[in-house]
Every structure is written in C-alpha cells, then in structure tokens.
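Input: a single structure, listed below in structure tokens.
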Amino acid sequence: MLGRFTQGELAIAGRRREQLLFLMDNGIYVVTVLLFVAFIFLAPYFFTPRNLVNILISASLAGIVTAGYTVAILAGQIDTSTQGVLAVATVTTALLFEEAGFSLPLTVIFALLAGIAAGLFNGLIVVNGKIVAFVATLATQGVMLAIALFLSGGQTITIAREGLQEAVFIRVFGIPSSVWIMFLCYIVGYIMLTQTKLGAHIYATGADYRASLLSGVPVDRVIRIALVISALTAALTAILVTARAKQSAMFGLAIAGSVDFVTALTAVLLGGFSLFGGVGRIERNLVAVLFLTILGNGLQLMDVPTGIILIVRGFALVLAVILSVLRARMT
Amino acid sequence: MASDEVILETVDLDKSFGAVHAVRSVSWKVYSGRVNALVGDNGAGKSTLIKLISGALQPNAGGFRVRGQETRIGGPAGAFGLGIAAVYQDLALVENRDVVMNMFLGSELTRGPGQIFLDHKGMLRQAHKVLDDIHARIPNVREMVRNLSGGQRQAVAVGRALIRGGEIIIMDEPTAALGVEQTQEVLQLIGTLRAQGKTIILISHNIQQVFEIADYISVMFHGDLLGTRSRDEATETEVVAMIMGKRSP
Ligand SMILES: Nc1ncnc2c1ncn2[C@@H]1O[C@H](COP(=O)(O)OP(=O)(O)OP(=O)(O)O)[C@@H](O)[C@H]1O
Ligand SMILES: [Mg+2]
C-alpha cells in the first residue's frame, strides 16, 4: 500500500500529520493556562495562596493515582480496578493503624504491599488468564471491593489515634507532603518511561504487542509490572486519602472526591494518550490533572451547582474521548 | 559452488496447524555467505518454515544443525543467540516508535547501576553506523516509523537484524509491497549484505528477481521441499514447473 506513494508525497503527508498531532498533544498546556487566567478574573478567591495550595492538594490525590494509571495505559492495559485497590488499601491502612496499633511506617508498608498484591492479582488474570485488562480488572475490582467490605465489616473505620493525619499535613516550604509525593511520582515516572529499558519496553508493548514479542521484549513481565505500578499508586493514594480524612474511605468517592477511574481516564485522554497504548507522555498527564482540578475548583468558587460541575466534567470526558479517537485515526 | 559451506540445516522439520500440515519433514541446507531463495506458491509453507528457523514457531518434530552443531531454537531470543534474525513479512516494527528505538527494541544498550538506564547516545551512534553500512537513506533516525517509506522500513528492520548480531538474515517477501524504485533499493541492500559475508534467506514470489539475486533456489510445494538448485544449474522453466508441483527427475 505504501508503494503507491512516492517518497516525497508521503513525507509531506507525514509532516502535516505530525504538526496536527503536535497541536493535539500539546494543546492541553495552552488550554490549562487559559483556564487558569480566566478563573483569576471570573472566580472570587481563586487566585489566593490558600486556594492555589488547595488546588494542588486535590490535584495531588487524583495526580498520584493517574500517574500509575498512565503507566498501565502506556503498556496497553486499561486498568479499571482502581476503585477496588483504593478500597482494599484504605481499609488496610485504617485497620492496621487504628485497630492493630501498627506504627506509621509499618502501616504504610503493608498498605502498599496490599496494593502490590492487587496488582499481581490483576497481572495473573490478564497474563495467565489471557483476558483483556479492561474486562479482567473490572472483575478483579469486584473481588477487591468484596474483600474490603469483608475486612471492614461494611463499616467506616474512624481513626482516633494521633500521628497519621499529622504526617500528611506536614508542609515543606509551605506545600503539603501529598503534593510533594505527587511531584515525586511524576519525576520517577518520567525518568522510568524515558530513560530506562523498562520504560522503552512499556511503550513498545503497548504500541505493538506482537512486534514487541517477536523482538524479544518480555511482554508478559512488562504487563505485570505496569499493572503493579498502577495498583501501587492507587494504594499510595488510598493511604493519603485515609490519613487526611481520619477514616477509611471505603468507596473512595465521597471523601477522595475526584479520585476515581473516570478522572484518571479523562486526564489520560486529555493528555494525548491513546487508549490502545504506546502513545503519550506522563508530564502532559500531570497538566491534564491540574486542568481538571482547576476546572472543578474554579466553577465551585463561582457557585456553580455541583450537578452542573459534574455535567461539565462529563463533557470533558466526551471531548477527551473524541480527541483520542481522532488521534488514533491519524496514526 | 560445491565448495560452499552449509551454515544451517533443518533436519526432518515438521509442523502442523490442526489438520493443515504446513511443513512436511523438511531437510533444508542453507549456504553460508549466500543468498538462499525459498520459492513456492501461496500456502506452500515458506513462512512457516522460516518462522521455525527464527524461533517464532516451535516444530512438532525434527531439529536444526547450526554451524555443524545439533541445536534447538527455543524462541526468538534463542535464534538471536545463534546469529539468526528474521525480518518478518510485516516487518514487526512498532509504528509509534522512532527508528532508533525500533532498531534496538528488545536489545537496548544500557548503562548505569544494574544496567537499567538506556544508553541513548550509544544507540544513536550505532544506529547511524549500521544504517550507513547498508547505505540506507533515512534522513532522521528520530523519525517515527509510521512516517517512513516501505524501502526505509525494510532498511530499519534489516538494521535491527544486524544489531542483533544477525549472521543469518531471513527476509520474507521484502519487496512484495514496494514500488519499482524501492524494490531496487532492497535488492541493493541484499547485495550489500552478501558482500559483507552475511547469509541471506530470501522468500520471494518474483522468479525473475530470484534469478537476478539468489545463489541457491529452493522450492516448496504443499509443505514439501522439492529440491534446491544453484542458480547456474537451474532454469526458470524448471523452477516454475517445480513450484506447480512437478518434481524434476
Ligand atoms: N498460525 C497458523 N494457524 C493455522 N494455519 C496456519 C498458520 N500459519 C500458516 N497456516 C497454514 O499453513 C499453510 C502454510 O502457510 P505459510 O504461511 O507458511 O505459506 P507461505 O508459503 O508463506 O504462503 P504465502 O506465499 O501466501 O505467504 C497454509 O495453509 C496456511 O493457511
Ligand atoms: Mg508467507
């Protein structure tokens, strides 16, 4: 088929397409800045130090979970089990710290281990069961939610003991620890994806599983690792959410607010990622999360009813999906 | 050419897909430093045979002798270890990655503690060198493969085979999708490889092309290897007859 083009024609088509793709991919930077500037004028109290820190705090929770989610998407795995991992990890955190009296470091380690276990479980079903991640993780999420429900007896576990919330409220240079943790996640993610062999294999596996397999890339191991990273960041988020709220946030939604599968998905798509894997840059994702957070925060400050805000966010997802499909058609 | 050395030999190699007996007890000799053409009608079993050699498929029976040694080829990685590298019919390139990353896919150069970091500079340098060696015309090695022409893609895939330490390079219908000019490019590429002492296994449907470039011509028919002729002793008529299933005396 390519034989029909002369080299020149193809090069021009290629260049124009690359320019358009560049615009689509980096548009998120421009749109975010525009939105930010618009809210400075439209939303009262938006541009105050206090509110800016608030934006960063809510962005941090969605941001951390999205960082790992991005890695799974890049490997071609749509991980829908985020809610399940959040539930297991939040219950683990609350139970160990409050009821079992574990120290803070031990609690964190075990909650993260619970996340890793969840990721390995996903990997088992996806790789060994040869089931598409989207479906497999929908099923494993059910199992995880049930486990969380069982462990907690269906109750919200309130944390009376001191030390957990204080730890996340610690500020360094005026910025809360969860924000630093988010930046750390993105820095590590950026280095891993662009500078390491694992990163190269994650991109390749997501972009073309078969070609990667034939080239000797350990595709199955790569998929397992990507799913573990995704679950690990969900567990990390769960710890932070639990600590902030001083209670287990069983179903993530109410307390975690924007920490959910849909936000992560919207951010990933707005960030120019392909749902089919192998395309996207993690730093754009961070900007997309900031965009969504600023959008919600600004509208709230303008006293827009919550229902409308949810509708706007819904449209953001629709727009993101359209962009993603357009992009996929072009490549 | 009686003095030519056999570098790879299949021994009673057999492969079935359910009821389809794609490769029937094939014993085939591949000559070192030569262009070994494999011809045959659609479905004759050519791709299956070379996938067995490149480790992409496992045989039901039979084995290999590489450089005189009995061996098995456990998978693509095992084949690379023996210096066998395939350029598949669809090239197995990752469209959304650039030329360098494709050339090093699965054999990335690394550095630093635990060898986890990519040696971007080293890969860039070596990619340029390998592409220059095979006279490939690729202006920008950071270009995405999706923007390359068919001939350029072929060069990238061959470059990858060479980076793998490929001594035996398998090419499955490398010119099937190409126009006249790019076909010439690929034929020149094959000539360059042979001049560098590489062994080439070439699958092609183009008999004229095969007679132009191959040193040995082997014919498959319905899973059987009917025979091998050196180019000088073969005639087009005989080869065409063999492709249609006429076993020559
Ligand atoms: N993975 C597979 N599963 C089932 N049957 C297969 C598979 N691969 C090949 N076959 C069958 O094996 C036979 C040989 O196929 P093969 O691809 O080796 O032929 P070929 O000589 O390369 O043909 P072509 O010239 O069309 O590429 C065909 O009948 C094909 O349908
Ligand atoms: Mg074939």
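Each chain gets a letter, A, B and so on, in the order its sequence line appears, and its residues count up from 1. In this text, all values refer to a predicted model and were calculated from it rather than measured experimentally.
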### Query
Can you tell me how far OH of Tyr88(B) sits from CZ of Arg210(A), rounded to the nearest 0.5 angstrom?
8.0 Å
### Query
What part of Thr194(A) lies closer than 4.5 angstrom to a heavy atom of chain B: side chain, backbone, both or neither?
backbone
### Message
Any non-hydrogen side-chain atom of Lys197(A) less than 4.5 Å from a side-chain atom of Thr110(B)?
### Response
yes
### Query
How long is the span from the CD atom in Gln115(B) to the OG1 atom in Thr196(A), to the nearest 0.5 Å?
12.5 Å
### Task
Could you tell me whether Tyr29(A) atom OH has more than 12 heavy atoms of other residues or ligands within 6.0 Å of it?
yes
### Message
Tell me which of these, Asp208(A), Leu198(A), Ile191(A), Leu213(A), has more heavy-atom pairs under 4.5 Å with chain B than the rest.
### Response
Asp208(A)
### Query
Tyr203(A) versus Val94(B): any side-chain heavy-atom pair under 4.5 Å?
no
### Query
chain A heavy atoms under 4.5 Å from Leu105(B): which part of the residue, side chain, backbone, both or neither?
both
### Query
For Phe110(A), does the CZ atom have more than 12 heavy-atom neighbours from other residues, nucleotides or ligands under 6.0 Å away?
no
#### Entry: Minimum-distance pair of heavy atoms, taken over all atoms of Ala92(B) and Leu214(A)
CB-CD1, 4.0 Å
### Task
Take atom CZ of Arg111(B) as the centre, draw a 6.0 Å sphere, and report whether it contains more than 12 heavy atoms from other residues, nucleotides or ligands.
yes
### Query
Is the backbone of Ser215(A) close enough, under 3.5 Å, to the side chain of Arg164(B) for a donor and an acceptor to pair up by distance?
yes
### Task
Counting only heavy atoms closer than 4.5 Å, note whether Phe104(B) contacts chain A via side chain, backbone, both or neither.
neither
### Pairwise side-chain contact, His201(A) with Glu108(B), heavy-atom cut-off 4.5 Å (strictly under)
yes
